[in-house]
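Every value quoted in this text rests on a predicted model; they were computed, and no experiment measured them.
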Amino acid sequence: MPSRRRTLLKVIILGDSGVGKTSLMNQYVSKKFSNQYKATIGADFLTKEVQFEDRLFTLQIWDTAGQERFQSLGVAFYRGADCCVLVYDVNSMKSFDNLNNWRQEFLIQASPSDPENFPFVVLGNKVDVDGGNSRVVSEKKARAWCASKGNIPYFETSAKEGINVEEAFQCIAKNALKSGEEEEIYLPDTIDVATNNQPRSTGCEC
């Protein structure tokens, strides 16, 4: 069978345990949400094919455990990342306050060549909870933090309702592509197991 050239883009999702990292990844890749919470042990990843300007890219999304004992996953895990996604729960001030720790952890472990301009994207998840009445982190506060770190793109999401998930990951993919460290891979012309949908172009203006 013929092979198609595809470029692998590595995305790492970081954040406290329970903020919805796995749910966001599953909602984006397979449009599924589960109320059954199961902590990620170590790390796991899913892939999804995306398309930009008639080129195919394989987005490899790494989901990490937020528990303290799993934070030191090793340099190899972080190295080669094209974009880092920082996730917090808008109903948990602690998860928001820890964003800076996760950002620093990534920069130390990944050692990107240009740390000042490495692409991050911040997601404020669980905006659907209690109709927004349980919210403790305002959008203004979150956007101010993102602005202070070099104008990081920010999205408010709900993995459960699918709110802004597609838009956020389109922006993540576009930023990963801009980071430039592309790794070309040659794969058979088959459908990824985790990909149920046809790739579509994105018009993210991030």
Are [X] and [Y] close enough that some pair of their side-chain heavy atoms sits under 4.5 Å apart?
| X | Y | result |
| --- | --- | --- |
| Trp62 | Ile13 | no |
| Trp145 | Val122 | yes |
| Leu59 | Val11 | yes |
| Asn98 | Tyr88 | no |
| Phe155 | Val127 | no |
| Glu139 | Tyr154 | yes |
| Phe120 | Asn175 | no |
| Ile61 | Thr47 | no |

Any sub-3.5 Å donor-acceptor pair from [X]'s side-chain atoms to [Y]'s backbone N or O?
| X | Y | result |
| --- | --- | --- |
| Asn91 | Arg135 | yes |
| Lys10 | Arg79 | yes |
| Lys48 | Gln60 | no |
| Ser111 | Ile108 | yes |
| Asn164 | Glu156 | yes |
| Asn26 | Ser23 | no |

> Do we see a donor-acceptor contact under 3.5 Å between the side chains of Asp16 and Ser95?
Replying inline: no

> Would you say the side chains of Asn125 and Lys21 form a donor-acceptor pair under 3.5 Å?
Replying inline: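 Per modelled atom types, Asn125 and Lys21 side chains form no pair under 3.5 Å.
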
> For Thr157 and Gln27, what are the C-alpha separation, side-chain angles and deciding distance, and is it a side-chain contact (heavy atoms from CB on, under 4.5 Å)?
Replying inline: CA-CA 11 Å; Thr157 60; Gln27 176 63 254; over 6 Å; no

To the nearest 0.5 angstrom, please state how far the [atom1] atom of [X] sits from the [atom2] atom of [Y].
| X | Y | atom1 | atom2 | result |
| --- | --- | --- | --- | --- |
| Trp102 | Leu86 | CH2 | CG | 10.0 Å |
| Lys174 | Cys83 | NZ | SG | 13.0 Å |
| Ile163 | Ser158 | CD1 | OG | 4.5 Å |
| Arg103 | Leu14 | CZ | CG | 12.0 Å |
| Ile12 | Ile172 | CD1 | CD1 | 12.5 Å |

> Are Val129 and Val136 grouped together when hydrophobic residues (ILVMFWY) are joined by side-chain heavy atoms under 4.5 angstrom apart?
Replying inline: no

> Quick check: are there more than 12 heavy atoms from other residues, nucleotides or ligands sitting under 6.0 Å from CD of Glu116?
Replying inline: no

Of all the heavy-atom pairs spanning [X] and [Y], show the shortest one and how long it is.
| X | Y | answer |
| --- | --- | --- |
| Pro119 | Asp82 | CG-O, 3.1 Å |
| Val19 | Asp89 | CG1-N, 3.8 Å |
| Leu107 | Pro112 | O-CD, 3.7 Å |

> Please walk me through it: do Leu24 and Val87 pass side-chain contact (heavy atoms from CB on, under 4.5 Å)?
Replying inline: CA-CA 9 Å; Leu24 283 164; Val87 183; 3.8 Å; yes

> Under 6.0 Å from the six-membered ring centre of Phe96 and within 45° of its axis: does the NZ or CZ of Lys141 meet both?
Replying inline: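 Checked: cation-pi criterion not met.
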
>> Check the orientation of Phe118 and Phe106. Use parallel for under 30°, tilted for 30 to 60°, and perpendicular for over 60°.
In response: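 Because their plane-to-plane angle lies in the 30° to 60° range, the rings of Phe118 and Phe106 count as tilted.
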
>> So that I can tick it off, tell me whether Lys31 and Glu166 are bridged by a salt bridge, with the cut-off set at under 4.0 angstrom between side-chain N and carboxylate O.
In response: yes

